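The basis for the numbers below is simple: all heavy atoms, side chains too, and nothing from hydrogens, waters or symmetry mates. Naming: A, B, ... by sequence-line order, numbering from 1 per chain. Note that the structure is predicted; figures quoted are calculated from it, not measured.
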Amino acid sequence: MQILGIETSCDETAAAIVVDGVRVRSNIVASQTELHRAHGGVVPELAARQHIRAIVPVIETALADAGIDRAGIDAVAMTAGPGLAGSLLVGVNVAKTMAWALDRPLISVNHLEAHIYANWLGLPGEEPPPPPRFPLVCLLVSGGHTELIAMTGHGLYRHLGRTLDDAAGEAFDKGARLLGLGYPGGPAIQRAASGGDPERFALPRAWLGESYDFSFSGLKTALLRLSEPYRLPASPEEPFQGSPSGPFREHRPVQLVGDAPVADLAASFQAAIVEPLVVKTVRAAEAFGARTILLAGGVAANRALRDALTAAAAATLGDTPVRFPPLVYCTDNAAMVAGAAHWALRRGDQAGWEADVVPRLALV
Amino acid sequence: MDSAADKPLLCIDASSEQAGVGLFGRGHDAELIWRAGRAQTVTLLAQIHHLLELNGLVPADLGAVAVASGPGTFNGLRVGMSVAKGLVLALDLPLYGVDTLAIAAAPWLASNAPVIAAVAAGRGRLVWAEYCATADDISLVAEPRNTAPDALVEAARTRADRIVVTGELDAETVAALVTLDHVVVPSAPLRVRRPGALAWLAGQRLARGEADDPVLLEPRYLGR
Ligand SMILES: [Zn+2]
């Protein structure tokens, strides 16, 4: 079963061909990061316009890379949500129309589920990894989401916790902006933190009692206070504007003085994001008797998070494996969409021609 | 492969909350028009499916795709454009983008008066432009503007000659326009954009061999 997956939920236009949910034949991602960099975050209208431009060449390249033509597509899958409405509708309408015109099944995929199923994918030309064993606990962390999910079988999810304010990736973006490190924030903080002392600055962790929920907004405020003395006066007055309020407003970057302890600030900030994620994930895995711990989402690319979670799981749970997808399947891509669609189609989950975008779609 | 001329043209217009699809050529002359509101994603492909079924056709029977390329509401335009591009990707059909205001203006050009056509751009704004008839096509007199409705009324008021104003106009704007002796405003059902007009305009482009590149074709946004 060769599935064409299409993903346009945020700022990547992506298409992929995946066989049987595990073998990636092609995986094309047209990133818009450069387009949004000047604005310090994703500008929804710009993202939607770029999807319209990129979608045809991205899909054509995915087919060409996989060495198949249209007739070789057995089913078409698209991300229906969550995401930006104007962006989602490009992928959803192209996918629906292709499935209709080719007379193939259509599968509507939840973006969060797709991120989880990235853990089933093998790199092109490689054997797929052994399938993760159920029950499992998955920490899904990205620019838009921070969710702790238990999974007892294919398509069977239980919500454990989520962020009450900023997503982990969003916290990285805001932290990077405060430290003048640029966008996207996750890789920028990770780079700056290398060699830094994560214990030099005491930043708060929001434990929220026994719950599996997260909160990162206090952390951002604390970093603002810590970094303020090092900021050059030309900095913007309101550094916390998440995304620019005017659709095309330029973002003015923060600049810190030359001798600011950027490495220690970045390392301390990163540690304050990572610690609650790790502690709660391991606690959940223990409580639910998980046989696998999965990391998923763009922030799963963060080395400090991978290392800390692996170490904590080994110390507390012994031989419960911690798995994370190859880097290319952590950030938004369409291979994960085509992958998740395979399991959905096996359950008989098929969408009709009236399928809609669902910008606030939840997993459970 | 059959040439496009042997098969009917599918027309798609989701430029605003009023949407339409049509099937023309090779013995077909069918159209569906409905109020899509902001649910173009839900209804557009379902209506295309319905239209083909009514006419006993399957997707592979189509010969070309024409799409209203704006101006209009941004997301509506993107839905129409995405469906058109999906058809091109799946069926390898020639693609024709057609100006949305020209679609609204086309039926009235036979009156030999200039025509101002408007499309609702959301939030109470109108995008409008003036057209006049040429021998076998229509031509734009001045670039489209995105304004509040009263700027359109003012533009019509200052004209000395007879002029037709059509397209998506609210009741208040119509009331202001009909007080002007030289302005002709067709009644509401006659102001609806028709896929048939889209088909006619696409036909002019087809005859000139002006197909669009599906990679490069994108909506004409015309924000304020
Ligand atoms: Zn994502």
Side-chain angles (χ1 to χ4, degrees), chain A residues 4 6 8 13 15 30 44-64 69-71 73 76 78 80-81 84-104 106 108 246-248 351-359, chain B residues 10 12 14 19 21 36-53 57-62 65 67 69-70 73-93 95 97 122 212-224:
Chain A
L4 166 65
I6 299 175
T8 63
T13 315
E45 179 59 25
L46 284 184
R49 291 182 184 193
Q50 192 56 32
H51 287 307
I52 285 281
R53 294 187 193 109
I55 193 71
V56 169
V58 162
I59 291 173
E60 282 179 338
T61 309
L63 290 170
D69 65 6
R70 295 173 281 250
I73 300 170
V76 183
M78 82 276 188
L84 302 167
S87 289
L88 284 166
L89 66 80
V90 176
V92 165
N93 282 291
V94 169
K96 286 205 300 184
T97 306
M98 287 188 75
W100 173 77
L102 295 169
D103 194 18
R104 297 289 191 274
L106 174 72
S108 179
F248 304 105
W353 312 134
E354 70 293 334
D356 199 5
V357 302
V358 192
Chain B
L10 178 70
I12 299 170
V21 292
R38 292 181 192 170
Q40 290 105 338
T41 294
V42 177
T43 55
L44 184 57
L45 183 64
Q47 291 283 45
I48 292 172
H49 179 69
H50 183 49
L51 179 70
L52 262 68
E53 239 177 21
L57 297 180
V58 294
D61 295 327
L62 297 173
V65 183
V67 62
S69 56
T73 60
F74 296 172
N75 278 346
L77 289 170
R78 280 192 280 264
V79 172
M81 199 59 78
S82 300
V83 168
K85 291 192 176 197
L87 281 166
V88 170
L89 279 163
L91 301 171
D92 201 14
L93 302 176
L95 174 66
D212 280 298
D213 182 333
V215 176
L216 301 180
L217 185 64
E218 59 180 316
R220 199 161 175 216
Y221 293 101
L222 281 183
R224 57 197 288 191

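- Of the residues considered (A:I73, A:V92, A:V94), A:V94 shows the highest number of contacts with chain B, using heavy-atom pairs under 4.5 Å.
- Looking only at distances, no side-chain donor or acceptor of A:T8 sits under 3.5 Å from a matching main-chain atom of A:T13.
- Of the listed residues B:V83, B:L52, B:V88, B:V58, the one with more heavy-atom pairs under 4.5 angstrom with chain A than any other is B:V83.
- Among the candidates B:A46, B:A39, B:A90, B:G80, the residue making the largest number of heavy-atom pairs closer than 4.5 Å to chain A is B:A90.
- Shown here are the salt bridge (Lys or Arg N to Asp or Glu O under 4.0 Å) partners of A:R104, two or more places apart in sequence or in another chain: there are none.
- Between A:L89 and B:Q40, every side-chain heavy-atom pair lies at or beyond the 4.5 Å cut-off.
- Residue contact with chain A, scored on non-hydrogen atoms closer than 4.5 Å, is absent for B:L216.
- Here the side chain of B:K85 pairs no donor or acceptor atom with the backbone of A:V90 at under 3.5 angstrom.
- Residue B:D213 qualifies as enclosed at atom CG: its count of foreign heavy atoms under 6.0 Å is above 12.
- No side-chain donor-acceptor contact under 3.5 Å links A:K96 to the backbone of A:A351.
- The distance from atom CD1 of B:I12 to atom CG of B:L87, rounded to the nearest 0.5 Å, is 5.5 Å.
- If you measure heavy-atom distances from A:A48 to chain B, the contacts under 4.5 Å come from both the backbone and the side chain.
- The contact between A:R53 and chain B is made by backbone and side chain atoms together, counting heavy-atom distances below 4.5 Å.
- Residues of residues 57-64 of chain A placed with any heavy atom under 4.5 Å of a heavy atom in chain B are listed by number as A:P57, A:I59, A:E60.
- Using cut-offs of 30° and 60° for the angle between ring planes, the A:W353 and B:H49 rings count as tilted.
- Of the residues considered (B:L77, B:L45, B:N75, B:L62), B:L45 shows the highest number of contacts with chain A, using heavy-atom pairs under 4.5 Å.
- With B:D212 contributing its side chain and B:G97 its backbone, the two residues share a donor-acceptor pair below 3.5 Å.
- Per-residue heavy-atom pair counts under 4.5 Å with chain A were compared for B:I48, B:V215, B:T43, and the maximum is reached by B:V215.
- Here the side chain of A:R70 pairs no donor or acceptor atom with the backbone of B:L91 at under 3.5 angstrom.
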